[in-house]
Amino acid sequence: MQTRTVKDGRPAVLKNVLNMMTLIETIRQRPERSSGFGLFYGPSGYGKTVASTYAQNEDNCLYIEVREFWTRKDFCIAFLQELGQKPVGTISQMMREIIGSLGNDPDRAVIIDEADKLVDRNMIELARDLQEMTQAPVVLVGEERLKAKLDRYERCASRVLDEVKAVPCDVDDARELAGALAPDIVITDDLLAATCVRARGSTRRVANGLYDIANFARSRGLEEVSARAYTPQSASEKYAQAREVRS
């Protein structure tokens with residue numbers, strides 16, 4: 001049986017979080033005038049956004065999450081807001097303001113999440129201009145096909161210094177998550193492994209599974225749950241258990 005340390009409310013540091021932090025530092029420490037793009041990509045649910053927001057909080061990175069409906073102007077507005085500045089003027093004027101701010105702190109990394117959407121909407125050159133004109137480290141985060149999509153834009157693809165493919169959630173990561181999400185419940189390794197298999201490596205689905213396991217345990221007064229003791233619940237049973245736990 002596997003015991004674990006309570007995390008005292010701290011965020012779980014998973015493998016993809018460490019991979020993201022290593023990627024940022026690799027780009028930051030690159031030789032002068034060398035390529036400044038990093039690529040962090042993988043399937044949906046693998047914890048890429050969690051890794052990005054961790055880096056934002058722990059390393060003071062700028063974090064931009066691109067939305068499906070964004071125009072070039074929307075991108076500039078969101079970037080200036082992340083910088084704490086008031087967006088005014090034309091796209092050209094806002095880009096110059098962003099470039100000036102980044103140039104004043106060139107070691108501050110920029111994370112652009114959902115970067116696929118920049119490629120799909122032919123806006124990826126905005127990111128290239130920002131990186132090239134400021135030399136700031138820029139990490140593009142996206143789905144599995146981001147790398148292939150970026151290859152269509154040679155001026156951007158050739159500037160990728162390093163790339164990292166997100167890894168699936170394994171038992172070690174699940175144990176770390178369990179310590180953060182359910183510190184009062186011991187979840188044994190066999191159940192953690194089964195949860196990872198059911199989730200097909202998705203960190204998001206593993207977290208959902210651990211939430212269900214914790215509710216299962218609390219509703220039965222259990223301090224420890226194994227694969228043998230746990231039975232996945234139906235939606236109605238989950239709802240009833242959640243109501244019982246809240247009451």
Shared hydrophobic cluster, [X] / [Y] (ILVMFWY, side-chain heavy atoms < 4.5 Å):
X    : Y    : value
L140 : V17  : no
M95  : V110 : yes
L18  : V50  : no
I98  : V88  : no
V160 : L23  : no

Distance check, rounded to the nearest 0.5 Å: [X] atom [atom1] versus [Y] atom [atom2]?
X    : Y    : atom1 : atom2 : result
Y63  : T53  : OH    : OG1   : 6.5 Å
S158 : F37  : OG    : CZ    : 9.5 Å
E132 : R33  : CD    : CZ    : 8.0 Å
W70  : M123 : CH2   : CE    : 8.0 Å
T26  : Q29  : OG1   : CD    : 8.5 Å
S35  : D162 : OG    : CG    : 11.0 Å

Student check: side-chain heavy atoms of [X] and [Y] closer than 4.5 Å:
X    : Y    : value
S226 : R228 : yes
K117 : E143 : no
L210 : L192 : yes
M20  : V141 : yes
T203 : K48  : no
P137 : L161 : no
I111 : I64  : no
V164 : L39  : no

So, [X] side chain and [Y] main chain: donor-acceptor pair closer than 3.5 Å or not?
X    : Y    : answer
N60  : Q56  : no
E144 : G42  : no
E154 : D151 : no
R72  : I91  : no
D59  : A55  : no
S202 : G45  : yes
R159 : R128 : no
N16  : V167 : yes

Exercise for the section: Name all residues meeting the side chain to side chain contact (heavy atoms under 4.5 Å, CB included) criterion together with I99; count only those two or more places apart in sequence or in a different chain, and write none if there are none. Expected result: L130, M133, T134
For [X] against [Y], the heavy-atom pair lying closest together:
X    : Y    : answer
F40  : A166 : CZ-CB, 4.3 Å
A227 : L191 : N-CB, 3.6 Å
V13  : E176 : N-OE2, 3.4 Å
S34  : P31  : OG-O, 2.6 Å
C156 : L150 : CB-CD1, 3.9 Å
R205 : A199 : CB-CB, 3.5 Å

Between [X] and [Y], is any side-chain donor less than 3.5 angstrom from a side-chain acceptor?
X    : Y    : value
Y230 : D212 : no
S92  : R96  : yes
T71  : D74  : yes
Q81  : Q85  : no
D113 : T49  : yes

Problem - SB check K149 D120 (cutoff 4.0 Å) - result: yes
Exercise for the section: Using the ring of F216 (Phe, Tyr or Trp, six-membered ring only), decide whether R218 places NZ or CZ under 6.0 Å from its centre and within 45 degrees of its axis. Expected result: no
Practice task
List the steps and the verdict of salt bridge (charged side-chain N to carboxylate O under 4.0 Å, His left out) for D170 and K15.
Solution key: CA-CA 9 Å; D170 61 12; K15 290 182 178 64; 2.9 Å; yes
Practice task
Please name all residues satisfying side chain to side chain donor-acceptor pair (under 3.5 Å) with E223, sequence neighbours left out, ordered by chain then number.
Solution key: none
Handout entry: Test side chain to side chain donor-acceptor pair (under 3.5 Å) applied to Q93 and E97, step by step
Key = CA-CA 6 Å; Q93 290 169 331; E97 187 68 26; over 6 Å; no
Problem - Option passing side-chain contact (heavy atoms from CB on, under 4.5 Å) with L62 (candidates D105, L83, I112) - result: L83
Handout entry: Intermediate values then yes/no, side chain to side chain contact (heavy atoms under 4.5 Å, CB included), E163 and Y41
Key = CA-CA 8 Å; E163 60 186 57; Y41 65 101; 3.7 Å; yes
Practice task
Starting from the C-alpha separation in whole Å, work towards a yes-or-no answer on side chain to side chain contact (heavy atoms under 4.5 Å, CB included) for C169 and L14.
Solution key: CA-CA 8 Å; C169 186; L14 311 182; 5.5 Å; no
Problem - Verdict with reasoning, Y153 to N122, per side chain to side chain donor-acceptor pair (under 3.5 Å) - result: CA-CA 9 Å; Y153 295 82; N122 296 316; 2.4 Å; yes
Practice task
Report the C-alpha separation of E114 and R67 in whole Å, then their side-chain angles, then the decisive distance to 0.1 Å, and conclude whether the side chain to side chain contact (heavy atoms under 4.5 Å, CB included) test is met.
Solution key: CA-CA 7 Å; E114 302 288 349; R67 298 298 180 180; over 6 Å; no
Exercise for the section: Show your reasoning for whether side chain to side chain contact (heavy atoms under 4.5 Å, CB included) applies to V225 and T188. Expected result: CA-CA 6 Å; V225 191; T188 60; over 6 Å; no
